[in-house]
A.B. asks: 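Quick one: the structure is below, and I'll ask about it shortly.
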Amino acid sequence: MDLHEISEKLQAGAAKAVAALVQQALDEGYPAQKILEEGLLDGMNVIGEKFKNNEIYVPEVLIAARAMNKGAEVLKPHLAAEGVKATGKVCIGTVQGDLHDIGKNLVKMMMEGKGLEVVDLGVDVAPSTYVQCAIEQNCSMICCSALLTTTMGVMADVVKAVEEAGIHDKVKIMIGGAPVTQHYCDQIGADFYAADATTAAEIAVDYCAKVANG
Ligand code: B1M
């Protein structure tokens, strides 16, 4: 099969077909990462361009997003890194005012695939909620995703809330999402920036290993 079929079905919002095609691609031996990039993410990129150019609107994007999530669910067990044994716990959420969760879900999936325990706070997460969760659940890292230039500022509030709670020496903050940059991370005093889900998972695993080894 051609992985482009997955991209096309995703753009059409055909969630069941996307899930079935992802399974077929796995059965045919395509690597999970390739299916993610050349099938699912390719489709979302086209959707993103059309959305930007007002060729499609929120309902179509939502339907495509649902198809993306369905396909990603099928991929989930196959994205696990082989033989990696990691321990550690982090929490993740999309920041307050922001409802985009596809990237956040991918980051979570990659982290779980590498053996981390991930507390998913969902979307529209207030700074105090991250802090409360990190304290109550003993998380080594708070992971914040933002997709809007209007919501990425909440990440600075998360850093402030962590500092005010006096836990920054123990709990590190990682940020990411399309408008977020390393420069912004440095500017607000967050600890880590990752441009993609794979890098985010690697950073979290490395940091949790450091914590575990004292
Ligand atoms: Co939204 N939206 N949206 N949207 N949407 C964008 C982000 C936008 C760029 C589209 C555009 O105009 N070109 C634009 C933002 C403009 C800006 O701020 N500069 C936009 C807008 C304007 C809006 C609304 C305001 C539209 C409206 O209502 N008028 C509205 C806001 C709602 C809200 O949040 N309050 C809105 C709504 C929506 C939908 C609900 C319809 C839907 C979201 C559905 C869902 O998530 N369940 C949606 C979608 C799907 C998009 C686009 C098309 C795709 C986003 C996506 O999922 N990409 C997007 C256009 C685009 O990005 N090209 C757009 C795929 C995903 C895998 O990528 O999330 O970037 P991404 O994640 C990447 C990396 O960034 C990284 O890893 C992932 C890949 O490996 N990453 C991290 C993500 N989080 C990380 C955290 C980390 C590390 C890495 O560490 C913790």
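One-based numbering, in listed order, for ligands and for the atoms of each.
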A.B. asks: For V58, counting its heavy atoms only, list the atoms of ligand 1 lying under 4.0 Å from any of them.
C.D. replies: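 Reading through ligand 1 atom by atom, the close ones are 41 (C).
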A.B. asks: For atom 91 (C) of ligand 1, which of G93, G103, C144, P179 has the closest heavy atom?
C.D. replies: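 Of the listed residues, C144 has the closest heavy atom.
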A.B. asks: Checking the N or O distance criterion of under 3.5 Å, is ligand 1 in contact with V61?
C.D. replies: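 Between V61 and ligand 1, no N or O pair is found under 3.5 Å apart.
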A.B. asks: Specify the closest pair of heavy atoms between Y184 and M152, including all atoms of both residues, with the distance to one decimal.
C.D. replies: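 The answer is OH-O, 3.0 Å.
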A.B. asks: May I ask you to say whether K70 pairs ionically with E73, meaning some side-chain N is under 4.0 Å from a carboxylate O?
C.D. replies: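 No, no charged N to carboxylate O under 4.0 Å.
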A.B. asks: Nearest heavy-atom pair of L10 and V18: which atoms, and what distance?
C.D. replies: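 For L10 versus V18, the nearest heavy atoms are N-CG2, 3.5 Å.
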A.B. asks: Considering G43, G48, G176 one by one, which has a heavy atom nearer to atom 53 (C) of ligand 1 than any of the others?
C.D. replies: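 When every heavy atom of G43, G48, G176 is considered, G48 comes closest to atom 53 (C) of ligand 1.
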A.B. asks: Salt bridge or not between E60 and K50? Use side-chain N to carboxylate O under 4.0 Å.
C.D. replies: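 No, this pair does not count.
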A.B. asks: Quick check: does H100 get an N/O under 3.5 Å from an N/O on ligand 1?
C.D. replies: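 Indeed, backbone or side chain, H100 has an N or O that close.
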A.B. asks: Could you work out, with side-chain contact (heavy atoms from CB on, under 4.5 Å) as the rule, every residue matching K89, not counting sequence neighbours?
C.D. replies: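 Counting only residues at least two positions away or on another chain, K89 forms a side-chain contact (heavy atoms from CB on, under 4.5 Å) with E117, V119, Q137, C139.
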A.B. asks: The criterion is side-chain contact (heavy atoms from CB on, under 4.5 Å); which residues satisfy it with K170, sequence neighbours excluded?
C.D. replies: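 Scan of K170 (side-chain contact (heavy atoms from CB on, under 4.5 Å), adjacent residues dropped) gives none.
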A.B. asks: Based purely on interatomic distance, does A200 place a nitrogen or oxygen under 3.5 Å from a nitrogen or oxygen of ligand 1?
C.D. replies: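 So ligand 1 has no N or O lying under 3.5 Å from an N or O of A200.
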A.B. asks: Taking only heavy atoms of A195 into account, list the atoms of ligand 1 that are under 4.0 Å away from them.
C.D. replies: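 Under 4.0 Å from A195, ligand 1 has these atoms: 74 (C), 76 (C).
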A.B. asks: Do any nitrogen or oxygen atoms of K52 lie less than 3.5 angstrom from nitrogen or oxygen atoms of ligand 1?
C.D. replies: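 There is no such contact.
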A.B. asks: Provide, to 0.1 Å, the distance between atom 62 (O) of ligand 1 and the closest protein heavy atom, together with that atom's residue and name.
C.D. replies: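 The protein heavy atom lying closest is L147 CD1, 4.4 Å.
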A.B. asks: Measuring from atom 46 (O) of ligand 1, which candidate in T151, D101, V90, I175 has the nearest non-hydrogen atom?
C.D. replies: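 Closest candidate by heavy-atom distance is D101.
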A.B. asks: Tell me if the NZ atom of K9 is crowded by more than 12 foreign heavy atoms within 6.0 Å.
C.D. replies: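 Open: at most 12 neighbouring heavy atoms sit under 6.0 Å from NZ of K9.
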A.B. asks: Check the side chains of Q182 and D186 for a donor-acceptor pair under 3.5 angstrom, ignoring hydrogens and angles.
C.D. replies: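 Yes, a side-chain donor-acceptor pair sits under 3.5 Å.
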A.B. asks: For atom 40 (C) of ligand 1, state which one of V46, L62, D98 supplies the nearest heavy atom.
C.D. replies: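 Nearest option to atom 40 (C) of ligand 1, by heavy atoms: L62.
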A.B. asks: Considering A201, G177, C185, which one's heavy-atom position lies nearest to atom 75 (O) of ligand 1?
C.D. replies: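 Result: the heavy atom closest to atom 75 (O) of ligand 1 is in G177.
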A.B. asks: Are E202 and T198 close enough, and set up right, to give a side chain to side chain donor-acceptor pair (under 3.5 Å), and what steps lead you there?
C.D. replies: CA-CA 6 Å; E202 283 166 6; T198 308; over 6 Å; no
A.B. asks: Enumerate the atoms of ligand 1 whose separation from the nearest heavy atom of L106 is less than 4.0 angstrom.
C.D. replies: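 Near L106, the atoms of ligand 1 are 67 (C).
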A.B. asks: Does any N or O atom in T149 lie less than 3.5 angstrom from one in ligand 1, N or O only?
C.D. replies: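 N/O-N/O distance under 3.5 Å: yes.
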A.B. asks: Using distance alone, determine whether A197 and ligand 1 share an N or O pair under 3.5 Å.
C.D. replies: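 Looking only at distances, the answer is yes, because the N/O contact criterion of under 3.5 Å is met.
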A.B. asks: Which of the listed options, T198, L99, I203, holds the heavy atom that is closest to atom 33 (C) of ligand 1?
C.D. replies: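 Among T198, L99, I203, the closest heavy atom to atom 33 (C) of ligand 1 belongs to L99.
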A.B. asks: I'd like to check which ligand 1 atoms, numbered from 1 as shown, lie under 4.0 Å from a non-hydrogen atom of L148.
C.D. replies: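 The list of qualifying atoms is 15 (C), 18 (O), 20 (C), 21 (C), 23 (C), 31 (C), 33 (C), 34 (O).
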A.B. asks: With nothing but distance in play, are any N or O atoms of G97 less than 3.5 Å from an N or O of ligand 1?
C.D. replies: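 Between G97 and ligand 1, an N or O pair is found under 3.5 Å apart.
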A.B. asks: Should you measure from each heavy atom of M44, which atoms of ligand 1 turn up under 4.0 Å away?
C.D. replies: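 The atoms of ligand 1 under 4.0 Å from a heavy atom of M44 are 50 (C), 54 (C).
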